[in-house]
Enquirer: 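Before we start, here is the structure in question, set down as structure tokens.
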Amino acid sequence: GQNIDQPTEMTATEGAIVQINCTYQTSGFNGLFWYQQHAGEAPTFLSYNVLDGLEEKGRFSSFLSRSKGYSYLLLKELQMKDSASYLCAVSGDSDNYGQNFVFGPGTRLSVLP
Amino acid sequence: AAGVIQSPRHLIKEKRETATLKCYPIPRHDTVYWYQQGPGQDPQFLISFYEKMQSDKGSIPDRFSAQQFSDYHSELNMSSLELGDSALYFCASSSSTALAKNIQYFGAGTRLSVL
């Protein structure tokens with residue numbers, strides 16, 4: 001099965017940079033995903049890593065180290081609207097032919113003025 | 001671009017009633033997933049379908065069932081509703097043939113309240 005760990009809460013200041021870490025243990029690995037979720041809304045896809053290294057996408061970057069079972073999401077030039085929960089999700093082996101997709105507990109980020 | 005459509009957006013039921021939630025995936029997506037999210041919790045995977053067949057099963061109660069139809073839309077049927085079933089139910093879809101496959105795109109969710 002999958003075990004995913006993230007910090008519960010983080011606080012940062014508008015305009016700053018914040019790094020949200022995610023560690024995981026999985027049976028197999030088919031990719032790691034980051035989602036943003038505002039309260040009461042659907043998770044929104046941010047980034048996807050399947051190979052080691054950094055994926056950059058505007059103000060958001062995500063890094064993966066498969067050997068360490070570690071990923072981080074980097075948010076630059078923080079804006080108030082970035083206040084949300086950030087969910088790390090891992091796709092691993094399934095007992096069936098589907099993917100076993102598990103979300104971490106999420107990190108609630110508060111951006112302060 | 002078309003997104004995942006879920007209906008209804010809100011649903012109020014009483015204990016022991018039944019409910020049916022519908023999900024229309026993004027066009028040309030062949031895989032549908034259902035999640036349940038309680039207040040302050042992360043989404044819990046319930047069940048998924050690939051090409052109209054169940055592909056994976058998570059923590060779906062026996063009182064719930066789901067299927068995917070020939071037009072790829074999916075329905076989650078919930079019977080003998082309990083107070084604890086009150087939650088946000090998300091549907092997501094993905095494409096097994098897309099370049100970045102396995103990325104799941106979520107619908108806006110159905111908020112179910114059981115009274």
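Since the model is a prediction, treat every value here as computed from it, not as a measurement. Note on naming: letters A, B, ... go to the chains in the order of the sequence lines (proteins, then strands), and numbering restarts at 1 for each one.
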Enquirer: Given 3.5 Å as the limit, does a donor-acceptor pair link the side chain of B:Ser79 with the main chain of B:Thr18, or not?
Expert: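 No; zero donor-acceptor contacts below 3.5 Å.
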Enquirer: Could you tell me which portion of B:Gln37 (side chain, backbone, both or neither) has an atom closer than 4.5 angstrom to a non-hydrogen atom of chain A?
Expert: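 The side chain, not the backbone.
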Enquirer: Counting only non-hydrogen atoms closer than 4.5 Å, does A:Phe45 touch chain B with its backbone (N, CA, C, O), its side chain (CB onward), both, or neither?
Expert: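 The side chain, not the backbone.
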Enquirer: Test salt bridge (Lys or Arg N to Asp or Glu O under 4.0 Å) on B:Lys13 and B:Asp85; report intermediate values, then the result.
Expert: CA-CA 10 Å; B:Lys13 291 287 184 177; B:Asp85 296 329; over 6 Å; no
Enquirer: Here's one to test your reading of the geometry: is the NZ or CZ of B:Lys52 within 45 degrees of the ring axis of B:Tyr72 and under 6.0 Å from its centre?
Expert: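 Output yes; distance and angle both within limits.
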Enquirer: Please classify the contact of B:Tyr35 with chain A as side chain, backbone, both or neither, using a heavy-atom distance under 4.5 Å.
Expert: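 Only the side chain of B:Tyr35 comes within 4.5 Å of chain A.
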Enquirer: Would you say the side-chain atoms of A:Tyr24 and A:Ser71 include a donor-acceptor pair closer than 3.5 Å?
Expert: no
Enquirer: So which of A:Gly31, A:Ala89, A:Gly104 has the biggest tally of heavy-atom pairs under 4.5 Å with chain B?
Expert: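 Looking at each option in turn, the highest pair count goes to A:Gly104.
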Enquirer: Heavy atoms only, distances under 4.5 angstrom: which of B:Ala108, B:Pro43, B:Ala92, B:Pro39 has the most pairs with chain A? Name it, please.
Expert: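 Highest number of pairs under 4.5 Å: B:Pro43.
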Enquirer: Using only atom types and a distance under 3.5 Å, with no angle test, would you say the side chain of B:His29 pairs donor to acceptor with the backbone of B:Gln104?
Expert: no
